[in-house]
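Bear in mind that the values here come from a model prediction, so they are computed numbers and not experimental data. Here is how names work: the chains are called A, B, and so on, in the same order as the sequence lines, proteins then strands, and each is numbered from 1. Computed from heavy atoms alone, side chains included, the values below leave out hydrogens, waters and symmetry copies.
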There are 2 protein chains.
Amino acid sequence: MTRRPTLKTIADRVGVTVSAASLALRDDPRISTATRSRIQEAAEAVGYVYNRHAAGLRRGDSGTVAVCLNDLSNPFFTEFLGHMETRFREAGRMMLFCHAHETPSIQARFIRQMAEHGAAGLILVPVAGTSREDLDGPRVRHLQDFPLVLISRDVADTAFDRVINDDEHGVRLLFDHLHALGHRRFAWLGGGGDTSTAHDRERSFRREMDAAGLPVDETTIHHGPTSLAFGDRMLDELMALPTPPTAIVCFSDVIAFGVLAACYRRGLRPGIDLSVTGFDDMGAAAYSAPALTSVRVRTDLIGNRASELLLARIAGDRQPAVREMMPPELVVRETTGPPPEDSERPSRG
Amino acid sequence: MTRRPTLKTIADRVGVTVSAASLALRDDPRISTATRSRIQEAAEAVGYVYNRHAAGLRRGDSGTVAVCLNDLSNPFFTEFLGHMETRFREAGRMMLFCHAHETPSIQARFIRQMAEHGAAGLILVPVAGTSREDLDGPRVRHLQDFPLVLISRDVADTAFDRVINDDEHGVRLLFDHLHALGHRRFAWLGGGGDTSTAHDRERSFRREMDAAGLPVDETTIHHGPTSLAFGDRMLDELMALPTPPTAIVCFSDVIAFGVLAACYRRGLRPGIDLSVTGFDDMGAAAYSAPALTSVRVRTDLIGNRASELLLARIAGDRQPAVREMMPPELVVRETTGPPPEDSERPSRG
DNA sequence: TTACGTAATTCAATCGATTGAACCAATGCG
DNA sequence: CGCATTGGTTCAATCGATTGAATTACGTAA
């Protein structure tokens, strides 16, 4: 097993110096066309592979960018990943990737490691509970003056770029839709973690209830993980209430899908016997049975804008940190409809 | 903006040499406990961040591993990603990630780039159409003697490690189940690309049909992308046939979900009016309405084993390449049942 | 006191690519 | 013919960490 060829291998072969080889392979005009092509041919011939460790050491940029997601099992987040990956690939940068499993220690470790690797920037969906200190504090000095863009979830009081969805508006769209259909008894499912999305969406939900003059029945508010199982499990609980809700507003599509599964099992017809809404409008929402009414979070806009912003920062953009909110869109499908006729009569009445 | 601290920064501060600092931070016994802790404190104090470019240049291993997936939109593949990410994280390695979008040129470019970055190994779900030459040929010498493990999809005639699912057996399980229920008219949906999974599953399907003495009606065989839309679209086409199938065998859960959506729209009851099967048994299969009968592909076993194998290769294991097949499991849920009573009468008869 | 062993630390070369400055040769111009 | 210019290439220092060999300091045995 011979050693991997280097610029020296090429230079010796052609009869020039390492410098010439270096310049030639990067199409520097200082090297004549003739020698340049001889060098390039030699590189090809010996199977030369550029060594970014060496280059990165000298130049300071490794050509990588880091991305840390809180949860891979939720397709919503992989949508982001897809958009960003494309953007970075086009920019010629590789992606260091981490799945933080909603675990602060994993996130913290990754942030350190990506700094060690010389990643030029970081895009982060902060795990639940991430605070200012985790990104900004004295123990994470590598993030000072470091290109970092938060997406999807905000972290209060930080001076980093953020690209997020307008969650409060999204909930308002859903609420208005359901309220206009005649619903008065609502349930709220999900949003268990300490994240801006959980807080913002629930706050907005409560505010809308309040604005509509509806009391919030705390027995219809259930926090829990963003999982199919949670939605599935909670429907039974809600239906067992003395006055079950006529509309279930879910923190996420994933939870709503779980609710739909439970509806099927109980013989409840979503959109007729009960209204169910999701949030995110991931690809699968249009194909559930029945198709899910949801709020589209523009993962494309957010992912692309975040990537752009990060690349600009890496390129040296020094403008003050921005906080951009992308507009959600209500997508009405089949799981919402007017409340059933007899819904005004509480079942115990 | 001061320059990032290096070993020299620390050394100067403590009053020792760079070598001492280097050794101390790696807990080398050559440095006394006293100075070692002074050095470690100084490192902490100045906010030192290890520079892997420099270390990697000298030592030759950057501590990264590369993973290239063909398709992120399919949760089946992100399941792999999750398992592998965990394994590599535990092994202290970072992950360079690529989404190849089923595009050979992206895959090829990534393979080159991860070599440039000094990734210690590569796990690859080869994009459709990947041939021996793409991995082994004279144009990709960086993969010679390089730790590479293929997962999920096989590539013929290669001498790389492979960890895949036993697809032929999986299809046999499904077919036997449906055949035992009484089905005789089958349709096959999906498997459009030039991949081993597409070939193996369809070949197995045809073989089973043959073994059962059933003719394969080519109008019930439809190749197409692994997407919800494809499954959704194809149901109408199959139902419009003079003698529609009573069982639809889908290449993937994703396609099956599309079929279920179309069933809902047409008022067909999966498992009663029509049997539908998936393949992969991704998490969502248990929560579709109705719950999907599928074949579980052990992404956990495959992902973990592939990671292990790769780490062993990186550690210097030189045994001949292996090809391991993980056993699939039939998971019977609600979308399969006996064919409807009148199904023996062709609708045109 | 001298020689010696050991512990602690330093020396110095190295990994491979980059780059501003220096060098050399050939050409152009006065 | 001599000097300046330009084009083409090389020189040599540099990035930061690593490591086998060398050195120093110190205590101990002869």
Side-chain angles (χ1 to χ4, degrees), chain A residues 1-40 42-43 46-64 112-113 115-120 142, chain B residues 1-40 42-43 46-64 112-113 115-120 142:
Chain A
M1 194 158 68
T2 74
R3 199 195 218 71
R4 190 163 149 171
T6 71
L7 286 183
K8 180 145 197 341
T9 319
I10 299 172
D12 290 350
R13 202 164 203 268
V14 178
V16 293
T17 59
V18 174
S19 326
S22 172
L23 294 168
L25 291 182
R26 282 173 299 137
D27 283 323
D28 191 293
R30 282 184 278 181
I31 302 298
S32 71
T33 331
T35 30
R36 193 187 311 172
S37 52
R38 277 170 57 223
I39 289 172
Q40 281 162 350
V46 301
Y48 173 70
V49 176
Y50 187 64
N51 184 332
R52 282 186 197 252
H53 280 314
L57 175 58
R58 181 65 222 263
R59 300 220 290 191
D61 182 355
S62 67
T64 57
R112 163 165 279 271
Q113 287 192 321
E116 294 179 353
H117 274 279
H142 22 292
Chain B
M1 193 158 68
T2 73
R3 197 196 220 69
R4 188 164 150 171
T6 72
L7 285 183
K8 180 145 197 344
T9 319
I10 299 172
D12 289 351
R13 201 166 206 266
V14 177
V16 293
T17 60
V18 174
S19 324
S22 172
L23 294 168
L25 290 182
R26 282 172 300 137
D27 283 324
D28 190 293
R30 281 186 279 181
I31 302 297
S32 70
T33 331
T35 28
R36 193 187 312 172
S37 53
R38 277 170 59 225
I39 289 172
Q40 280 161 350
V46 300
Y48 173 70
V49 176
Y50 186 65
N51 183 329
R52 284 185 196 254
H53 280 314
L57 176 57
R58 182 63 221 261
R59 300 219 289 190
D61 182 355
S62 67
T64 57
R112 163 166 279 272
Q113 286 192 321
E116 294 179 353
H117 274 279
H142 23 294

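- Residues from residues 18-31 of chain A that place a heavy atom under 4.0 Å from any atom of DNA chain D, listed by number: S19(A), A20(A), R30(A), I31(A).
- We find that CZ of R52(B) is positioned 19 Å from P of dG16(C), with the value rounded to whole Å.
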>> As a check on the pairing definition, encode DNA chain D in dot-bracket form, counting Watson-Crick and G-U wobble pairs whose two distances are under 3.5 Å, and using | for partners outside this strand.
In response: ||||||||||||||||||||||||||||||
>> Using the rule given for side-chain contact (heavy atoms from CB on, under 4.5 Å), can you reason through R38(B) versus T35(B), listing the C-alpha separation, both sets of side-chain angles and the distance that settles it, and then say yes or no?
In response: CA-CA 5 Å; R38(B) 277 170 59 225; T35(B) 28; 3.3 Å; yes
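- Between the CZ atom of R59(B) and the P atom of dA13(C) there is a distance of 22 Å, given to the nearest Å.
- Between E116(B) atom CD and dG16(C) atom P the separation is 15 Å, expressed in whole Å.
- Here H53(A) contributes atom NE2 and R58(B) contributes atom CZ; the two are 14.0 Å apart, rounded to the nearest 0.5 Å.
- Counting only distance, with no hydrogens or angles, the side chain of S37(A) and the backbone of T33(A) share a donor-acceptor pair below 3.5 Å.
- When rounded to the nearest whole Å, the span between CG of D61(B) and C1' of dA17(D) equals 14 Å.
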> Can R52(A) and Q113(B) be said to form a side-chain contact (heavy atoms from CB on, under 4.5 Å), step by step?
Replying inline: CA-CA 9 Å; R52(A) 282 186 197 252; Q113(B) 286 192 321; 4.0 Å; yes
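- No salt bridge links R26(A) with D28(A); every basic N to acidic carboxylate O contact stays at or beyond 4.0 Å.
- Taking atom CG on L57(A) and atom C1' on dT18(D), their separation rounds to 12 Å, with Å as the unit.
- In this structure, CD1 of I39(A) is placed 12 Å from C1' of dT10(D), rounded to the nearest angstrom.
- Look at CG on D12(B): it is 13 Å from P on dG16(D), rounded to the nearest Å.
- Residues A54(B) and G15(B) both approach DNA chain C. Their nearest nucleotides, taken by heavy-atom distance, put G15(B) toward the 5′ side.
- Residue R4(A) forms a side-chain contact (heavy atoms from CB on, under 4.5 Å) with just one option from V49(A), T9(A), V46(A), and that option is V49(A).
- Going from atom NE2 of H117(B) over to atom OG of S62(B) covers 9.0 Å, rounded to the nearest 0.5 Å.
- You'll find the side chain of Y50(B) stays beyond 4.5 Å of the side chain of L25(B), heavy atoms only.
- Residue D12(B) holds its CG atom at 8.0 Å from OG1 of T6(B), rounded to the nearest 0.5 Å.
- Between the base of dT14(D) and the side chain of R58(A) there is a donor-acceptor pair shorter than 3.5 Å.
- Rounded to whole angstrom, the span from the OH atom of Y50(A) across to the P atom of dC15(C) amounts to 19 Å.
- For the pair T17(A) and dT10(D), the criterion of a side-chain N or O lying under 4.0 Å from OP1 or OP2 is met.
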